[in-house]
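A short write-up of the structure that comes next.
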Amino acid sequence: MSLAVRAVGVRKSFGDHEVLKGLDLEVAYGEVLCILGPSGSGKSTFLRCINHLEIPNAGYVWVDGSIMGYDLRAGVLHELPVRRLRGQQSQLGMVFQHFNLFAHRTVLGNVIEGPMVVRGLRRAEAEKRAMELLDQVGMAGRASSYPSQLSGGQKQRVAIARALAMEPRVMLFDEPTSALDPELVGEVLEVMRNLAKGGTTMIVVTHEIGFAREVADRVLVMIDGEIRETGKPEQVLSNPDDPRVRTFLSRVL
Ligand code: ADP
Ligand code: MG
């Protein structure tokens, strides 16, 4: 079976601090995986390893069936050709906690940038597709606004449209609603819920337990750089085996 993402034995240290202690993960196409866990447990670092923003000290990450990443067991960095790496990266779309929109570009400008610069689309084509995506996230009416004129929820919906414009095969979300005022969380989760319903493969780091329970096919709990529990939402969230997972969930539920 061809997996969307497969990670084997991923380890990452910063200095003496081992942040990821040998993580294995398989995500199938169409699957929605929610990653939960206390702050500092390595969730962002793991996403960054999957997305190649961070190079693991050991292990492998495959995306869409091909190897992506490095085998450092022998202390040797086996680099992949740049062209291939670029292709790999566009298979993954990433949405960050703090939006990371280009401040000096309009909403439309933000969404067409990647398709034009990286994928080589002509402006007219890129704009047509961008407007469809902005419509999908309920932001078509704000195409000519600048990020500073938008609420956090609106910015995040634009950021989602921008990631989708690269036509990634997998969408990664790193706490997409953690920086939002509570009343703006729902509109972003609604967009994500619709993506999930449409069959998008998603890995979502979140503290939104309700979203995980409702939308995730599978939930994974990370604590101190280890995967402590993984399974169906109802099993993991209601009846976890691991005592540390139980303690963590009792604090956030
Ligand atoms: P989470 O997303 O679960 O809150 P992170 O992956 O951000 O956790 O961080 C896990 C640990 O790794 C934390 O102790 C953090 O301070 C440390 N860390 C993350 N990135 C770096 C870095 N670039 N340099 C040093 N330490 C880092
Ligand atoms: Mg994080």
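Counting convention: from 1, in listed order, for ligands and their atoms alike.
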From L220 CG over to E229 CD, what is the distance, rounded to the nearest 0.5 angstrom? 9.5 Å
Atom CD1 of I223 and atom OG of S41: how far apart are they, to the nearest 0.5 Å? 7.5 Å
Enclosure of R123 CZ (heavy-atom neighbours >12, cutoff 6.0 Å): no
Under 3.5 Å, N or O to N or O, is K43 touching ligand 1 that way? yes
Looking only at heavy atoms, which two atoms of V32 and T200 are closest? And how far apart? CG2-O, 4.1 Å
Should the proximity of H17 to ligand 1, defined as any heavy atom under 4.0 Å, be assigned to the side chain, the backbone, both, or neither? side chain
How does T45 reach ligand 1, by side chain, by backbone, by both or by neither, if only non-hydrogen atoms under 4.0 Å count? both
Flag this pair as yes if the NZ/CZ of R162 is under 6.0 angstrom from the six-membered ring centre of F99 and inside a 45 degree cone about the axis; otherwise no. no
Do R193 and F211 form a cation-pi contact, if we require the NZ or CZ to be under 6.0 Å from the six-membered ring centre and within 45 degrees of the ring's axis? no
CA sep, side-chain torsions, deciding dist, call: R213, E234, salt bridge (charged side-chain N to carboxylate O under 4.0 Å, His left out): CA-CA 7 Å; R213 192 187 293 279; E234 58 273 21; over 6 Å; no
Trace of the salt bridge (charged side-chain N to carboxylate O under 4.0 Å, His left out) decision for K21 with E18: CA-CA 6 Å; K21 300 174 180 170; E18 189 169 47; 5.9 Å; no
At a cut-off of 2.8 Å, protein N/O/S around the Mg ion (ligand 2) gives S44 OG
Return the closest protein heavy atom for [atom] as residue, atom name and distance.
| atom | value |
| --- | --- |
| atom 4 (O) of ligand 1 | G40 N, 2.7 Å |
| atom 23 (N) of ligand 1 | F14 CE2, 3.5 Å |
| atom 12 (O) of ligand 1 | V19 CG2, 3.2 Å |
| atom 8 (O) of ligand 1 | G42 N, 3.1 Å |

Within the 4.0 Å heavy-atom shell around [X], which atoms of ligand 1 are there?
| X | result |
| --- | --- |
| S39 | 4 (O) |
| S41 | 1 (P), 3 (O), 8 (O) |
| P38 | 3 (O) |

Hphob cluster co-occupancy, L101 + L133, side-chain heavy atoms under 4.5 angstrom: yes
Note: heavy atom closest to atom 2 (O) of ligand 1, options S178, G37, S44, C49, belongs to S44
Could you check S44 against D174 for side chain to side chain donor-acceptor pair (under 3.5 Å), going step by step and ending with a plain yes or no? CA-CA 7 Å; S44 294; D174 193 357; 2.6 Å; yes
Is there at least one protein heavy-atom neighbour under 4.0 Å from atom 16 (O) of ligand 1? no
Is atom 19 (C) of ligand 1 in close reach of the protein, with a heavy atom under 4.0 Å away? yes
Is any side-chain heavy atom of V95 less than 4.5 Å from a side-chain heavy atom of M171? yes
How about V204 and I35: do any of their side-chain heavy atoms sit closer than 4.5 Å? no
